[in-house]
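Take a look at the structure below.
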Amino acid sequence: MFAKIKDVLAGKYPDGTEVRLGGWVVKSRSSGKIVFTVLRDSTGEIQVTTKKGNVCDDALKAADALTLECSVVIDGKVRTDPRAPGGREIVATGLKLIGASPDYPIFGEGHNPEVLLDLRHLHIRSKELVAVMKVKDAVLSACREWFRGHGFYEVTPPIIMSSSCEGGSTLFELKYFEEKAYLSQSAQLYLESLIFGLENVYSITPSFRAEKSRTTRHLAEYWHIEGEMAWTGLYEMIDMLEQLVSFVCNKAAEQCAAEIRLLGGDPDYFLNLKPPFPRITYDEAVKILQADGFEFRWGDDFGTHEERQISMHYDKPLFITEYPLEVKAFYMKDAGNDKVLNVDMIAPKGFGEIIGGSERETDLRLLEERLRKQGEDPAKYGWYLDLRRYGSVPHSGFGMGAERLVRWICNLEHIRDTIPYPRTISRFNP
RNA sequence: GCCGCCAUAACUCAGUUGGUAGAGUGGCUGGCUGUUAACCAGCAUGUCACAGGUUCGAGUCCUGUUGGCGGCGCCA
């Protein structure tokens with residue numbers, strides 16, 4: 001019923017075509033007998049000109065009185081005009097105010113993050129946040145498309161769980177009838193159980209971390225893209241991951257080039273991103289750091305500065321494999337030499353870790369031993385350890401942060417702008 | 001959890017050695033028939049975050065509190 005602004009701007013309607021648009025006022029200025037209104041819908045922005053003589057006096061008056069973000073239905077004729085931003089405009093023949101918007105609190109560019117976050121329910125209409133949400137939509141649907149095309153089943157693991165996957169200090173606790181329960185921070189253990197029926201599975205779910213993080217890459221609630229594959233070793237999984245990441249980046253850049261550009265990103269880079277991605281081991285990464293003058297002791301995990309420094313040597317995402325066993329989780333497969341078969345994918349330019357994964361340990365005794373070493377009671381992992389008792393197979397899995405991927409693609413300073421309502425240490429409202 | 005910074009109009013900020021609270025933006029009123037952050041004229045708007053203290057007098061100095069932001073750690 002409504003024409004879409006994007007279609008009008010693209011020339012789908014010849015000059016003189018009568019169209020009806022529904023949208024919101026981005027700005028409006030009046031020169032007495034002519035009113036210029038910039039109208040927004042979900043597809044774009046277009047200038048509407050309302051002139052005395054073309055419309056009845058009431059409609060001209062209504063156009064003159066439009067304020068920021070009021071909603072209107074406009075009838076008019078398409079016209080090509082070089083004076084209009086975008087090259088085409090609507091010459092109004094009728095205008096109806098649907099929802100008034102007195103004193104809209106967001107205007108211009110000069111607002112502090114605090115104000116915008118308090119007004120998030122309104123700010124999510126902004127051109128920038130809308131662009132990010134479109135990129136995220138492209139990313140999530142490309143993920144599903146890739147998985148479906150490669151023999152994966154989408155599964156729906158639980159969000160409420162009785163205990164954690166790696167340590168208990170970072171879990172949100174909740175009341176579960178008469179007992180304590182926790183919000184999931186990873187679907188991994190459940191995904192591992194699902195490979196025995198489906199072999200290749202993935203899930204896209206919220207994950208929750210109660211860590212009191214104050215950084216530009218952490219959220220307390222984020223969307224976790226996780227996969228688990230039977231009969232798959234670490235290096236086969238890495239082959240797969242670079243395919244997945246390339247496909248998703250290509251698709252997002254193809255569908256959302258204008259949005260990425262608006263946000264200051266480079267769609268051409270993501271359109272042309274292709275495997276293979278560079279791969280180095282932890283040992284090699286340590287040598288890079290030492291050559292760059294970092295005082296870094298073998299055996300420590302990389303911090304933000306180390307990660308950034310290493311990634312500066314590459315212009316593609318970088319896989320770093322085989323970290324020291326001591327700094328990594330109990331379920332990662334022992335590679336011998338005090339290392340595990342794990343992988344981190346680090347985005348270039350300091351965007352940091354986007355994927356963490358590993359081949360999983362299948363040796364029941366080793367698992368129990370590692371759990372005890374980390375101060376955990378193996379009895380609490382009863383059902384998980386059962387998976388090693390009944391028809392265990394080699395398998396690998398990974399977790400990818402949807403918001404981290406979107407942040408990298410959109411070149412955003414802060415991860416909070418990759419999610420409509422960011423939950424952080426100091427904010428869960430609106 | 002550790003370290004740092006900030007708080008004055010709806011928004012962004014200025015406010016001198018402590019002496020009557022200011023500007024721009026946005027809003028409202030009027031003018032203008034092609035604006036591109038339109039322009040011109042006028043109008044309205046304050047618990048100076050909160051609580052104490054010093055002082056004849058505190059937006060300004062001191063103490064505490066609260067809220068928020070940034071960096072590190074933790075990770076995706």
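The sequence lines fix the lettering, A, B, ..., with proteins before strands; numbering per chain opens at 1. Side chains are part of it too, since the values below use all heavy atoms of this structure and drop only hydrogens, waters and symmetry mates. Note that the structure is predicted; figures quoted are calculated from it, not measured.
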Practice task
Kindly say if Asn112(A) contacts the phosphate of C13(B), meaning a side-chain N or O under 4.0 Å from OP1 or OP2.
Solution key: yes
Exercise for the section: Spell out yes or no: do the side chain of Ser213(A) and the base of C74(B) have one donor N/O and one acceptor N/O closer than 3.5 Å? Expected result: yes
Practice task
Determine which nucleotide pairs with C2(B), using a 3.5 Å limit on both distances of a Watson-Crick or G-U wobble pair.
Solution key: G71(B)
Handout entry: Salt bridge present between Arg407(A) and Glu413(A) (N-O < 4.0 angstrom)
Key = no
Problem - Phosphate contact (A38(B) OP1 or OP2) by Arg29(A) side-chain N/O below 4.0 Å - result: yes
Practice task
Mind checking Gly399(A) for me? I need base, sugar-phosphate or nothing, with any heavy atom below 4.0 Å counting as a touch.
Solution key: sugar-phosphate
Practice task
May I ask you to say what Arg407(A) touches in the nucleic acid, namely base, sugar-phosphate or nothing, with a heavy-atom cut-off under 4.0 Å?
Solution key: nothing
Problem - Contact under 4.0 Å: His414(A) side-chain N or O vs G70(B) OP1/OP2 - result: yes
Handout entry: Length of the CE-P vector between Met345(A) and C75(B), whole Å
Key = 18 Å
Practice task
May I ask which nucleotide in the shown strands pairs with A51(B), Watson-Crick or G-U wobble, both distances under 3.5 Å?
Solution key: U63(B)
Handout entry: P atoms of C3(B) and U25(B), separation to the nearest Å
Key = 43 Å
Exercise for the section: Look at the side-chain N and O atoms of Thr304(A) and state whether any lies under 4.0 Å from the OP1 or OP2 oxygen of G73(B). Expected result: yes
Exercise for the section: Determine, step by step, whether Phe208(A) and Tyr222(A) satisfy the ring pair (Phe, Tyr, Trp, His ring centres under 6.0 Å) criterion, reporting the C-alpha distance in whole Å, the side-chain angles of both residues, the deciding distance to 0.1 Å, and the verdict. Expected result: CA-CA 7 Å; Phe208(A) 304 88; Tyr222(A) 68 98; 8.3 Å; no
Exercise for the section: For Val115(A) and for Gly32(A), find the nucleotide of RNA chain B with the closest heavy atom, then tell me which residue's nucleotide is more 5'. Expected result: Val115(A)
Exercise for the section: Could you check whether Glu89(A) gets within reach of a base, just the sugar-phosphate, or nothing at all, counting any heavy atom under 4.0 Å? Expected result: base
Practice task
Could you check how far CD of Gln185(A) sits from C1' of A76(B), rounded to whole Å?
Solution key: 11 Å
Problem - Watson-Crick or G-U wobble partner of A37(B), both distances under 3.5 Å - result: none
Fill in the blank from the handout: Winner on side-chain proximity to Pro85(A), out of C75(B), U36(B), C32(B), is U36(B)
Practice task
Look at the side-chain N and O atoms of Arg214(A) and state whether any lies under 4.0 Å from the OP1 or OP2 oxygen of C74(B).
Solution key: no
Exercise for the section: Mind checking Leu117(A) for me? I need base, sugar-phosphate or nothing, with any heavy atom below 4.0 Å counting as a touch. Expected result: sugar-phosphate
Exercise for the section: Send over the distance from His218(A) NE2 to G71(B) P, rounded to a whole Å. Expected result: 12 Å
Handout entry: Distance test, side-chain N/O of Lys51(A) to OP1/OP2 of U33(B), below 4.0 Å
Key = no
Exercise for the section: Answer with base, sugar-phosphate or nothing: what part of the nucleic acid does Gly303(A) contact at a heavy-atom distance below 4.0 Å? Expected result: sugar-phosphate
Practice task
Please work out if Gln47(A) contacts a base, only the sugar-phosphate, or nothing of the nucleic acid, heavy-atom cut-off 4.0 Å.
Solution key: base
Exercise for the section: Determine, using ring centers only, whether Phe107(A) and His111(A) are less than 6.0 Å apart. Expected result: yes
Practice task
Quick one: look up who U12(B) pairs with, Watson-Crick or G-U, both distances under 3.5 Å, and put none if it's unpaired.
Solution key: A23(B)
Practice task
Using a 4.0 Å heavy-atom cut-off across all strands, classify Ser31(A) as base, sugar-phosphate, or nothing.
Solution key: base
Practice task
Would you please classify the geometry between the Phe147(A) ring and the Phe398(A) ring as parallel, tilted or perpendicular, with 30° and 60° separating the classes?
Solution key: parallel
Handout entry: Atom pair CG/CG of Leu122(A) and Leu116(A) - distance to nearest 0.5 Å
Key = 10.5 Å
Practice task
For Ile355(A), answer base if it contacts any base atom (sugar-phosphate contacts may also be present), sugar-phosphate if it contacts only those atoms, and nothing otherwise; contact means non-hydrogen atoms under 4.0 Å.
Solution key: sugar-phosphate
Exercise for the section: Give a yes or no on whether the ring-centroid distance for Tyr323(A) and Phe302(A) is below 6.0 angstrom. Expected result: yes
Exercise for the section: May I ask whether Tyr222(A) stacks on the base of A76(B), given the cut-offs of 5.5 Å between ring centres and 30° between planes? Expected result: yes
Exercise for the section: Give one of base, sugar-phosphate or nothing for Thr215(A), where a contact means two heavy atoms less than 4.0 Å apart. Expected result: base
